[in-house]
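Order of the sequence lines sets the chain letters (A, B, ...), proteins ahead of strands, with each chain counted from 1.
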Amino acid sequence: MSGLNNKQEEACSYTEGPLLILAGAGSGKTRVLTHRIAYLIEKKSVDPYNILAITFTNKAAKEMRERVDKIVKEGSENIWVSTFHSMCVRILRRFNEKMGGTNNFTIYDTDDQKAVIKESLKYLGMDEKNYPVRAMISTISKAKEEFLDPTQFERNAGSSYRDMQVANVYHEYQKRLRQNNAMDFDDLIFNTIQLFTLHPDVLKLYQERFKYIMVDEYQDTNHTQFLLVEMLAAKYRNLCVVGDDDQSIYKFRGANIENILSFEKQYPDAKVVKLEQNYRSTANILNAANGVIANNEGRKDKSLWTDNPDGERVFFTRYQNEYEEAKGVTDQMISDQMDGASLNDMAVLYRTNAQSRVLEEMLIRANIPYRLVGGTNFYSRKEIRDIVGYLKCIVNPGDDISLERIINVPRRGIGAATVEKLRIYAEDNGIDLYDAVGDSDMVPGVGRAVSKLTDFFDMIEDFKKEAEDPGVSLENLYSDILEKTGYLDELKADTSLEARSRIENLEEFRSKITDYEAGAEEPSLAGLLEDVALVADADSEDDEDCDKVTLMTLHSAKGLEFPYVYMVGMEERLFPSGMSLDSEDPDATEEERRLCYVGITRAMKQLYMSAAKQRTLNGQTQYPAVSRFVKEIPKNLIRYRGLSMDDRQGAYDDAFSDYSSGSSFSRDSRYDFSYTGYDSYGGDRYSSYKTPKPVKRNVYTGKKLEKPKIYGLSKGMPETTAINYTVGDTVTHIKFGKGKVLEMIKGGNDYEVTVDFEKAGQKKMFASLAKLRKI
DNA sequence: GAACCCATCATTTTT
DNA sequence: TGATGGGTTC
């Protein structure tokens with residue numbers, strides 16, 4: 001085989017039976033996987049149809065697909081290259097009816113989940129304060145990852161009151177998902193296992209199909225993914241998993257490192273191939289990484305080596321504060337650029353997203369273009385979610401969550417009170433909310449809103465017809481939605497930058513739709529929504545040809561490589577994170593160390609590390625010690641570079657000393673010293689560091705430009721209800737129920753009314769808005 | 001209905 | 001520090 005080393009070749013040609021490939025960072029893992037597929041097809045005459053390759057991210061799947069297509073001549077399109085989730089969707093779309101569901105189910109993302117959890121808590125009368133939505137989502141997700149359904153979870157809860165309450169939420173949550181004909185991400189995998197369990201014939205079908213299975217990033221699999229793979233591979237046992245236990249950094253989201261550590265126990269006849277030659281980094285960088293990771297216990301025994309030249313040492317600089325640090329990074333970038341490096345070759349890696357702000361400010365000031373990876377997801381922008389809400393309603397009329405999102409967006413006079421009545425009606429009659437909208441003339445108390453509801457219903461019905469009409473493209477449907485709902489008009493009427501950027505985003509979404517229509521085999525609205533749900537990274541490839549520095553978290557950097565890497569914020573309690581240090585789980589810090597290992601091994605040519613002596617973290621000034629990970633790098637591989645040139649304490653010792661070593665900061669002479677030395681920077685520049693100019697940010701790259709503007713106010717002036725009550729009367733309120741009027745104060749042309757409600761307690765409100773009724 | 005004020009609370013992220 | 005959510009005020 002061309003261009004492969006012995007180990008790589010061994011991994012490619014061992015095709016029958018279980019195989020574990022321990023692939024160190026930069027050891028040519030993807031290369032091996034693609035060559036292995038080619039080997040199966042060309043040398044072993046395996047039908048491409050019988051091959052399944054599973055990855056974690058769409059990006060990885062896409063990359064693998066491209067590389068496989070390039071290397072496999074015929075039939076490569078028949079190979080399943082897929083993420084766990086999209087594989088399961090594909091299976092469920094086909095067989096969900098066997099489970100009593102339908103194939104047009106909706107996939108709920110985290111925001112949808114939040115809405116369902118909120119409803120469930122409300123329904124159960126539970127307080128969000130004691131049971132935070134986020135915690136509920138994560139607990140339920142963990143349960144599903146362990147393949148526990150609500151009943152099993154409840155059983156495990158035992159006598160813990162809290163767990164029993166959570167079990168109730170889990171029950172309610174699932175009930176609502178079912179009613180909405182929706183599944184969350186975990187359900188996709190969970191339900192596929194369930195399908196396979198209850199319908200062995202279906203499992204058999206896929207076992208026969210996937211005679212050769214490969215799983216990438218196996219160290220990131222959770223328990224259900226493990227089960228799924230095990231089931232699929234049970235018949236032919238041609239299972240090849242690839243991973244690196246040292247790069248397991250996703251425990252917090254359920255990854256179970258045991259899956260890879262105990263693969264040999266699970267498959268005693270497994271062959272193990274270790275890829276230990278690194279082709280990516282200089283020897284110094286690689287050995288620095290080895291030095292750090294050696295401090296972890298319970299690893300698979302392996303040692304990465306390289307034939308590459310030693311290269312420069314790792315540079316470490318300790319700056320006075322985060323602004324100095326950012327300045328130092330940009331200065332270094334400019335200097336590297338003058339030496340011929342391109343900005344595309346550089347990446348700044350940090351532990352937390354919050355760290356990007358200072359860096360961005362400094363890059364803007366230095367006029368260095370950058371791309372920010374991560375941050376706000378394209379599909380979580382309000383305008384996109386709104387339109388996607390329409391699309392979801394059109395495909396799946398059972399999706400109450402989406403319907404409620406858009407029923408009054410843009411405002412069309414269908415208020416919360418009306419929706420509440422519809423909801424009650426729907427619940428009483430066991431129908432979907434959407435059906436209740438269609439029946440609105442039958443719903444008690446709706447009154448004037450009926451015509452608005454009918455209009456809305458007719459509009460959605462028209463959209464449905466369009467969606468089913470093969471003559472109407474998805475793009476046409478999209479345009480119609482933007483126009484007929486009035487959504488676009490409302491945005492156009494608003495001249496703010498915010499509105500303009502929203503329109504841009506909607507245009508961006510349009511091009512996603514046309515891309516999808518052009519690229520998909522059988523484009524459909526359901527398929528589009530699937531892409532939206534599962535292909536979260538709306539990666540704008542278009543700017544790949546611009547020369548830009550990359551900014552991202554260490555997590556996002558996994559799988560990537562850059563000639564020049566900057567690891568910033570190498571400080572105790574930032575990296576490793578304070579949370580991991582405080583955790584009772586000893587593996588938490590080890591996971592941070594693995595993250596550091598991942599970071600270091602991203603660098604090909606030169607690695608810069610830095611820390612700040614003083615940093616504002618969560619609004620508090622900290623004086624962090626240098627990260628233990630820096631100290632774990634063998635001394636001969638790291639080079640300390642002094643602070644700013646005017647700092648006379650440029651000793652190695654100073655770079656590592658901790659302010660916290662003294663009982664009081666002020667007793668540490670270096671503390672005062674650093675401030676006098678600091679002033680010598682020259683007032684002008686320095687003050688601009690201290691109070692960075694507010695940076696207007698593009699909504700597309702993340703944060704807000706200005707306060708959102710008010711949309712038209714004229715619609716639906718509040719109908720004034722005559723005030724027919726006075727102090728001492730009993731009144732009812734739409735939300736708070738019955739209460740007694742305690743006080744009425746005239747304010748302007750309105751009354752401020754204080755009411756003591758039976759359930760809700762005392763409230764102050766304005767008579768014109770509260771619409772209190774005397775009883 | 002929406003601006004405004006205050007309290008609270010802070011990893012990592014893909015699907 | 002800053003984003004976010006809930007409650008108050010107009």
Side-chain angles (χ1 to χ4, degrees), chain A residues 55-61 82-89 107-110 113 118 128-129 132-134 138 141 145 183-189 217 220 222 225 249-255 322 349-355 357-358 373-377 379 408 411 415-416 530-537 552-559 569 573-583 588 591-592 594-595 598 615-621 692 703-704 707-718 745 747-752 754 760 763-770:
Chain A
T55 63
F56 264 82
T57 64
N58 293 293
K59 208 164 124 199
S82 167
T83 65
F84 273 104
H85 295 269
S86 44
M87 173 179 85
C88 289
V89 172
I107 301 165
Y108 274 0
D109 64 22
T110 321
Q113 285 181 282
K118 280 193 173 187
E128 273 185 39
K129 283 242 165 62
V133 176
R134 278 180 51 142
S138 115
S141 174
E145 277 161 4
M183 295 188 198
D184 64 23
F185 291 125
D186 298 312
D187 284 336
L188 296 175
I189 294 170
E217 305 281 14
D220 287 340
N222 64 34
Q225 289 162 338
I249 54 172
Y250 284 114
K251 190 176 183 191
F252 70 90
R253 69 175 200 216
E322 62 263 50
L349 310 182
Y350 37 80
R351 178 68 244 263
T352 68
N353 277 311
Q355 288 169 261
R357 213 196 82 238
V358 176
V373 177
T376 344
N377 184 325
Y379 292 114
N408 201 29
R411 234 159 283 139
E530 205 171 293
D531 264 25
V532 168
L534 295 180
V535 187
D537 62 328
M552 63 186 150
T553 61
L554 287 151
H555 281 91
S556 329
K558 189 160 147 212
R573 309 217 118 248
L574 180 59
F575 187 35
S577 72
M579 275 208 179
S580 72
L581 294 177
D582 298 337
S583 164
E591 177 140 320
E592 297 282 307
R594 291 193 287 270
L595 189 55
V598 167
R615 178 181 299 273
T616 311
L617 196 66
N618 294 343
Q620 275 180 315
T621 306
K703 289 145 206 183
K704 49 173 99 152
K707 285 191 175 178
K709 276 234 176 146
I710 320 151
Y711 301 141
L713 318 144
S714 53
K715 275 183 211 165
M717 294 291 284
I745 305 163
N749 40 7
D750 204 349
Y751 280 94
E752 189 190 277
T754 310
K763 300 272 171 196
K764 279 183 186 171
M765 55 196 66
F766 281 83
S768 64
L769 294 165

> Does A/T110 place a side-chain N or O at less than 4.0 Å from the phosphate oxygens OP1/OP2 of B/dT15?
Replying inline: no
> Rounding to the closest angstrom, what is the interatomic distance between C/dT4 and B/dT13 at atom P?
Replying inline: 16 Å
>> Under the rule for side-chain hydrogen bond (donor to acceptor under 3.5 Å, both in side chains), what residues qualify as partners of A/T83, not counting sequence neighbours?
In response: A/S86
> Out of B/dA2, B/dT11, B/dT15, which nucleotide sits closest to the side chain of A/R411?
Replying inline: B/dA2
>> I'd like the C1' distance from B/dT12 over to C/dG5, given in whole Å.
In response: 24 Å
> In whole angstroms, how far is the C1' atom of B/dT13 from the CD atom of A/E591?
Replying inline: 12 Å
>> Rounded to whole Å, how long is the line connecting atom NZ of A/K251 with atom P of B/dT13?
In response: 19 Å
>> Closest approach to the side chain of A/T352, judged atom by atom: which nucleotide of B/dT11, B/dG1, B/dT13 is it?
In response: B/dT11
> Considering only B/dT13, C/dT1, B/dT11, which nucleotide approaches the side chain of A/R253 most closely?
Replying inline: B/dT13
> Of all the nucleotides listed (B/dA2, B/dT13, B/dT15), which has the minimum atom distance to the side chain of A/T83?
Replying inline: B/dT15
> Is A/F56 touching bases, backbone alone, or none of the nucleic acid, heavy atoms closer than 4.0 Å?
Replying inline: sugar-phosphate
> Does the side-chain ring of A/F84 lie flat on the base of B/dT15, meaning centres under 5.5 Å and planes less than 30 degrees apart?
Replying inline: no
> Below 4.0 angstrom from OP1 or OP2 of B/dT13, is there any side-chain N or O of A/S556?
Replying inline: yes
> Taking only residues two or more places apart in sequence, or in another chain, which ones meet A/Q225 in a side-chain hydrogen bond (donor to acceptor under 3.5 Å, both in side chains)?
Replying inline: none
> Taking CG from A/D109 and P from B/dT13, how many angstroms apart are they, rounded to a whole number?
Replying inline: 17 Å
> So, is A/N58 near the phosphate of B/dT14, with a side-chain N or O under 4.0 Å from OP1 or OP2?
Replying inline: no
> Counting side-chain heavy atoms from CB outward, which of B/dT15, C/dG6, B/dT13 is closest to A/E128?
Replying inline: C/dG6
>> With a 4.5 Å cut-off on side-chain heavy atoms, are A/T553 and A/R351 touching?
In response: no
Quick test: give all pairs of protein nitrogen or oxygen and nucleotides 6-10 of chain B nitrogen or oxygen below 3.5 Å, distance rounded to 0.1 Å.
| unit_1 | atom_1 | unit_2 | atom_2 | d |
| --- | --- | --- | --- | --- |
| B/dA10 | N6 | A/N618 | O | 3.2 |

> Can you name the residues that form a side-chain hydrogen bond (donor to acceptor under 3.5 Å, both in side chains) with A/T352, not counting sequence neighbours?
Replying inline: A/Q355
> Between A/H85 and A/F185, how do the two ring planes meet: parallel, tilted or perpendicular, split at 30° and 60°?
Replying inline: perpendicular
> Are any of A/N222's side-chain N or O atoms less than 4.0 Å away from OP1 or OP2 of B/dT14?
Replying inline: no
> Which residues pass the side chain to side chain contact (heavy atoms under 4.5 Å, CB included) test with A/K251, sequence neighbours left out?
Replying inline: A/D585, A/D587, A/E591
> Can you name the residues that form a side-chain hydrogen bond (donor to acceptor under 3.5 Å, both in side chains) with A/R615, not counting sequence neighbours?
Replying inline: A/E325, A/E571
